[in-house]
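Order of the sequence lines sets the chain letters (A, B, ...), proteins ahead of strands, with each chain counted from 1.
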There are 2 protein chains.
Amino acid sequence: MNDLQPLPAGKVDSVQQIIDAAAQCFMAKGLEKATIDDIADVLAATKGRVYHHFRSKNAIFFAVHRLAMQYCFDAVAPIMALDIPADDKLFQMAVAHAHVMMDTLPYQRSIRLGVDIYLRGSTTEAEREVLRELIELRNDYEDLFRDVLREGQEAGTVDVPDVGLAGRAIIGALNGLVDWYRIRPGQSEADRAAIADGLARTILYGVKA
Amino acid sequence: MNDLQPLPAGKVDSVQQIIDAAAQCFMAKGLEKATIDDIADVLAATKGRVYHHFRSKNAIFFAVHRLAMQYCFDAVAPIMALDIPADDKLFQMAVAHAHVMMDTLPYQRSIRLGVDIYLRGSTTEAEREVLRELIELRNDYEDLFRDVLREGQEAGTVDVPDVGLAGRAIIGALNGLVDWYRIRPGQSEADRAAIADGLARTILYGVKA
DNA sequence: GCGGAACAACATTCCCAGTAGTATGTTATT
DNA sequence: AATAACATACTACTGGGAATGTTGTTCCGC
């Protein structure tokens, strides 16, 4: 995939490959049905390689989840720092989030609904602790949207019945991408930009004429 | 839950109980981790009862899915028949859909992301056939929203950049309920009405002041 | 600058717990 | 007596994870 790099390669790359393969498998077959062997197969390797770097299957899922959240933060956080009106900021954040959903689809798809299910299934206390962190990460991320909403509400550029509810609505509309978006061969960057822009616009301006 | 009926009971009721128990288990532990024994336990019964009425675990999931869609149609279809402006219709549909999400949470939660995953895992052709029907059902349902959107767009009461995209946004924002809504002890019917109304309002009118 | 020890990065093999599904009772109803 | 509606007991298999084997690389004293 990225074999043509100057070959810094080494250890980090191998772990990264495993995480990436896992995300693909999780997306394709679901968290449970995807086996360690499946992940190894994608890499043309065996379980040995996977278990050398990860303690358990859960640990792999956690890594996928953490990276997925990282992608989101990296895309949206810079916009938070901009000194622009809250409504404009929100628009750009929505566009950025939509792009991340499409660009890192396997990751985002893997973590949907996965957390709370894994929470109940996790045996060790250590695992539950990691899960709480991940959930908190997610909450922090979604708070970014709520914060901007509140900022706009106070400045008068945003008007919603309930900031919390509006935040949920926005996140829901954007995350829905993960459910219906499919990577098609003939799609251009412009097509994806149109999707991201159209979604953000619909959310910001509503559907009423 | 509905024990106080005139007790028509009999066979239909037993099957219904199994489906209901399955939906609860699927919500609590996920489709894979929920076992047939779990479902039987909820009913204080054994696998025998379950397998007497259902050929396989997949068949149970299909029943849950079908019923989940049925609940949606039953709530939204009547509104389609009303002779009111498209934007008002859309608002009422959104409110109704939100209520169904909360009222039948275990069902709706069970089917999220379950379909496409099961699609790849389904062995027999018969199962895949059933899945195609279910997916088509879902598309038909979502088409209801898109149809109303288009109707409003033509009538001038709705203004969106893209009808398909706006439909996805609306569905996404509403279905997001399934992810974050939790049944709390002290919640009243009014609380849920506020959620449904607030969501619909945010979607219809957007967030811009 | 070389022999080998220690280690990293895997591959192979094996075990066993858990689970879907089956086969075979058992009881009540019609 | 036939069948519906279950319960009980059993089988077969899958997949996570551990134990162990193999190979290339690094490092270190002499």
From [options], pick the nucleotide closest to the side chain of [X]?
X      : options                  : result
H52(B) : dA9(C), dC6(D), dG21(C)  : dC6(D)
T35(A) : dA11(C), dC6(D), dG16(D) : dG16(D)
R49(B) : dG17(D), dG16(D), dA7(D) : dA7(D)

Between [N] atom [atom2] and [X] atom [atom1], what is the distance in whole Å?
X       : N       : atom1 : atom2 : answer
E127(A) : dG16(D) : CD    : C1'   : 12 Å
K57(B)  : dC13(D) : NZ    : C1'   : 15 Å
H53(A)  : dG17(D) : NE2   : P     : 17 Å
I60(B)  : dT19(C) : CD1   : P     : 15 Å
D13(B)  : dA5(D)  : CG    : P     : 13 Å
K33(A)  : dG15(D) : NZ    : P     : 10 Å

Does any donor atom in the side chain of R49(B) or S14(B) lie under 3.5 Å from an acceptor atom in the other side chain?
-> yes
List the protein contact pattern of nucleotides 22-30 of chain C with one symbol per nucleotide (5' to 3'): B for base contact, S for sugar-phosphate-only contact, - for none; contact means a heavy-atom distance under 4.0 Å.
-> B--------
Taking only residues two or more places apart in sequence, or in another chain, which ones meet R201(A) in a side chain to side chain donor-acceptor pair (under 3.5 Å)?
-> D197(A)
Using the test side chain to side chain donor-acceptor pair (under 3.5 Å), find all partners of D143(A) that sit at least two apart in sequence or belong to another chain.
-> R146(A)
Using the C1' atoms of the five pairs at each end, what is the angle between the end axes of the helix from dG1(C)-dC30(D) to dT30(C)-dA1(D), to 10°?
-> 10°
Salt bridge (Lys or Arg N to Asp or Glu O under 4.0 Å) with E125(B): which residues, sequence neighbours excluded?
-> R128(B)
Quick one, which residues of residues 37-44 of chain A touch DNA chain D with a heavy atom under 4.0 Å?
-> none
Look at all strands and tell whether T46(B) reaches a base, only sugar-phosphate, or nothing, counting heavy atoms closer than 4.0 Å.
-> base
Partner residues of [X] under the side-chain contact (heavy atoms from CB on, under 4.5 Å) criterion, sequence neighbours left out:
X       : value
D162(B) : L165(B)
N175(A) : H97(A), M101(A), R112(A), I171(A)
A196(B) : V95(B), A98(B), H99(B), M102(B)
R109(B) : L113(A), D116(A), M27(B), V178(B), D179(B), R182(B)

Throw together a table of side-chain donor-acceptor distances under 3.5 angstrom for residues 74-83 of chain B, partners on residues two or more places apart or in other chains.
{"from": "D74(B)", "atom 1": "OD1", "to": "Q70(B)", "atom 2": "NE2", "distance (Å)": "3.0"}

Which heavy-atom pair separates A200(A) from A94(A) by the least distance, and what is that distance?
-> CB-CB, 3.8 Å
Within the structure, does a side-chain N or O atom of S14(B) lie under 4.0 Å from either OP1 or OP2 of dC6(D)?
-> yes
Residues that Y107(B) engages under ring-ring contact (aromatic ring centres under 6.0 Å, His included), provided they are two or more places apart | Y71(B)
